[in-house]
Peer 1: 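Handing you this structure, nothing more for now.
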Amino acid sequence: QVQLVESGGGLVQAGGSLRLSCAASGPTFSKYTMAWFRQAPGKERGLVAAIRWIGGDTYYANSAKDRFTISRDNAKNTVYLQMDSLKPEDTAVYYCAAAATNNWPPKAYDYWGQGTQVTVSA
């Protein structure tokens with residue numbers, strides 16, 4: 001069984017930075033793509049960034065380009081999302097997800113964390 005636990009969220013001012021962490025347990029993630037999603041109240045959940053566990057290919061949503069960076073530490077089974085130049089519209093619950101897929105980027109994800117709150121004040 002795969003378990004994903006997010007941490008690192010909090011309250012920051014516009015222009016500030018946060019680094020989110022996703023600690024993964026269970027089988028090796030060599031078969032999986034890892035990703036970060038976010039969802040604000042009343043809004044649809046959307047993909048922020050994705051990364052292949054092997055090779056490290058990355059994908060970013062337009063809203064995250066040039067501001068967010070996804071990375072992974074294979075030895076620690078941990079995925080990170082470095083968020084810089086944060087804006088109020090980045091406020092959301094951020095979820096870690098994992099997928100075993102032949103698609104790039106994946107269209108569906110198999111495992112989800114509980115989420116961590118990110119709030120950006122103006």
Peer 1: Which distance, rounded to the nearest 0.5 Å, do you find between the OG1 of Thr116 and the CG of Leu81?
Peer 2: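 Here the interatomic distance stands at 11.0 Å.
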Peer 1: Is it true that a side-chain atom of Arg67 and a backbone atom of Ser85 form a donor plus acceptor pair closer than 3.5 Å?
Peer 2: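 Checked: pair present.
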Peer 1: Which atom pair, heavy atoms only, marks the closest approach of Ala99 to Asp110?
Peer 2: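 Closest heavy-atom pair between Ala99 and Asp110: CA-OD2, 3.6 Å.
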Peer 1: In terms of hydrophobic clusters joined by side-chain contacts under 4.5 Å, are Val5 and Val79 together?
Peer 2: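 Shared cluster, no.
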Peer 1: Atom CD of Gln117 and atom OG1 of Thr91: how far apart are they, to the nearest 0.5 Å?
Peer 2: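 Spacing of CD (Gln117) from OG1 (Thr91) equals 7.5 Å.
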Peer 1: Transitively linked via ILVMFWY side-chain contacts under 4.5 Å: Leu20 with Val2?
Peer 2: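 Yes, Leu20 and Val2 fall within the same hydrophobic cluster.
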Peer 1: What is the distance from atom CZ of Arg72 to atom CD1 of Ile51, rounded to the nearest 0.5 Å?
Peer 2: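 Those atoms lie 4.5 Å apart.
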Peer 1: Does a sphere of radius 6.0 Å around CD in Gln114 hold more than 12 heavy atoms from other residues, nucleotides or ligands, not counting ones at 6.0 Å or beyond?
Peer 2: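 Incorrect, the count does not exceed 12.
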Peer 1: If every non-hydrogen atom of Ala14 is compared with every non-hydrogen atom of Pro88, which pair is closest and at what distance?
Peer 2: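 Between these two residues, the closest heavy atoms are CB-CD, 4.1 Å.
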Peer 1: Once you round to the nearest 0.5 Å, how far does CE of Met34 lie from OG1 of Thr58?
Peer 2: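 The OG1 atom of Thr58 is 14.5 Å from CE of Met34, to the nearest 0.5 Å.
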Peer 1: Please find out if less than 6.0 Å separates the ring center of Phe68 from that of Trp36.
Peer 2: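 Ring centres of Trp36 and Phe68 not closer than 6.0 Å.
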Peer 1: Does atom CD of Glu89 have more than 12 heavy-atom neighbours from other groups under 6.0 Å away?
Peer 2: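 More than 12 heavy atoms, drawn from other residues, nucleotides or ligands, come within 6.0 Å of this atom.
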Peer 1: If you compare all heavy atoms of Gly113 against all heavy atoms of Tyr95, which two are closest, and at what distance to 0.1 Å?
Peer 2: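 Nearest heavy atoms, Gly113 then Tyr95: O-CD2, 3.5 Å.
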Peer 1: Strictly distance-based, threshold 3.5 Å: is any side-chain N or O of Tyr60 a donor or acceptor partner for the main-chain N or O of Ile70?
Peer 2: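 A pair under 3.5 Å: yes.
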Peer 1: I want to check something: taking the side chain as every heavy atom from C-beta on, are Trp112 and Gln3 in contact at a cut-off of under 4.5 Å?
Peer 2: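 Not touching, per the 4.5 Å side-chain cut-off.
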Peer 1: With clusters defined by side-chain heavy atoms of hydrophobic residues (ILVMFWY) lying less than 4.5 Å apart, directly or transitively, does Tyr111 cluster with Tyr80?
Peer 2: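 Each belongs to a different hydrophobic cluster.
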Peer 1: Quick one: closest heavy-atom pair of Leu4 and Ala98, and the distance?
Peer 2: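 Smallest heavy-atom distance, with atoms named: CD1-N, 3.9 Å.
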Peer 1: Can you name the one residue among Glu6, Gln39, Arg38 that meets side-chain hydrogen bond (donor to acceptor under 3.5 Å, both in side chains) with Tyr94?
Peer 2: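 Single pass found, and it is Arg38.
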Peer 1: Give the intermediate values and the outcome of side chain to side chain contact (heavy atoms under 4.5 Å, CB included) for residues Thr33 and Tyr59.
Peer 2: CA-CA 11 Å; Thr33 295; Tyr59 172 87; over 6 Å; no
Peer 1: Are the side chain of Asn103 and the backbone of Pro105 linked by a donor-acceptor contact shorter than 3.5 Å?
Peer 2: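 The answer is no, because no donor-acceptor pair under 3.5 Å joins these two groups.
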Peer 1: Return the minimal non-hydrogen interatomic distance between Gly9 and Val118, and the atom names on each side.
Peer 2: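 The answer is CA-CG2, 4.1 Å.
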Peer 1: If only atom types and distance count, is the side chain of Ser63 paired as donor or acceptor with the main-chain N or O of Ala61 below 3.5 Å?
Peer 2: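 Not a single qualifying donor-acceptor pair exists.
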Peer 1: Inspect the surroundings of CG in Asp66 and state if more than 12 heavy atoms from other residues, nucleotides or ligands are less than 6.0 Å away.
Peer 2: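 Incorrect, the count does not exceed 12.
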Peer 1: First locate atom OH of Tyr32, then atom CH2 of Trp53, and finally report the distance between them rounded to the nearest 0.5 Å.
Peer 2: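 These two atoms lie 11.5 Å from each other.
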Peer 1: Are a donor atom and an acceptor atom from the side chains of Ser17 and Asp84 found within less than 3.5 Å of each other?
Peer 2: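 Yes, Asp84 and Ser17 have a side-chain donor paired with an acceptor closer than 3.5 Å.
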